[in-house]
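Worksheet: the structure to be examined is printed underneath.
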Amino acid sequence: MTLHRLGKDPESPDGKSPTVYYDDQTDNYVLQGWRVLDVERLTQMDIPDHETVIEFPRRMMRFFPEVNGGSPDA
């Protein structure tokens, strides 16, 4: 398995997050973002114990191959 980094948020103040990855074994995306801790938003979702919720900016959508016309393993 290899995670392919597709893009980092160019507007991140410290350059470490958020990031979009592609997992070539599972054919899924892995998202690194800000943990959602806001109780009001979390209570509006049904989140199983084995899942978590993250947030990443809309501007990051451009890194998804389905949006930019590229290939996830590029």
Side-chain angles (χ1 to χ4, degrees):
M1 175 214 47
T2 300
L3 286 179
H4 303 270
R5 188 174 73 202
L6 302 180
K8 274 187 177 268
D9 183 0
E11 296 182 29
S12 177
D14 60 5
K16 295 184 179 178
S17 181
T19 307
V20 177
Y21 297 91
Y22 172 71
D23 183 326
D24 65 9
Q25 184 175 4
T26 65
D27 195 34
N28 288 324
Y29 294 107
V30 178
L31 305 176
Q32 175 186 338
W34 305 295
R35 187 177 318 147
V36 175
L37 300 173
D38 178 45
V39 175
E40 184 177 343
R41 290 195 287 168
L42 291 171
T43 58
Q44 296 178 50
M45 297 181 256
D46 182 19
I47 307 162
D49 289 340
H50 66 280
E51 293 182 3
T52 190
V53 177
I54 65 142
E55 181 173 358
F56 71 100
R58 186 177 190 167
R59 64 182 171 267
M60 296 290 293
M61 294 299 293
R62 67 182 174 183
F63 295 115
F64 289 96
E66 293 83 356
V67 174
N68 68 29
S71 170
D73 53 2

In terms of heavy-atom contacts, Gln32 and Tyr21 come closest through OE1-OH, 3.5 Å
Provide the closest heavy-atom pair for Met60 versus Pro18 in the form atom of the first, atom of the second, distance.
CE-O, 3.5 Å
Does the side chain of Ser12 reach to within under 4.5 Å of the side chain of Thr19, using non-hydrogen atoms?
no
Where is the tightest heavy-atom contact between Ile47 and Leu42, given as atom of each residue plus distance?
CD1-CD2, 3.7 Å
Nearest 0.5 Å, what's the CG-CZ distance between Leu31 and Phe64?
5.0 Å
List the atom of Pro65, the atom of Leu6, and the distance in Å for their closest heavy-atom pair.
CD-CD1, 4.0 Å
Does Val53 share a hydrophobic cluster with Phe56, counting links as ILVMFWY side-chain heavy atoms below 4.5 Å and allowing steps through other members?
no
Does some side-chain heavy atom of Arg59 sit less than 4.5 Å from a side-chain heavy atom of Asp9?
yes
In the single-linkage hydrophobic clustering (I, L, V, M, F, W, Y; side-chain heavy atoms under 4.5 Å), do Trp34 and Leu37 co-cluster?
no
Among Val20, Thr26, Asp24, which residue meets the side-chain contact (heavy atoms from CB on, under 4.5 Å) test with Tyr22?
Asp24
Is it possible for you to say whether Val30 and Ile54 belong to one hydrophobic cluster, with membership spreading through side-chain heavy-atom contacts below 4.5 Å?
no
Taking side chain as C-beta onward, heavy atoms only, is His4 less than 4.5 Å from Tyr29?
no
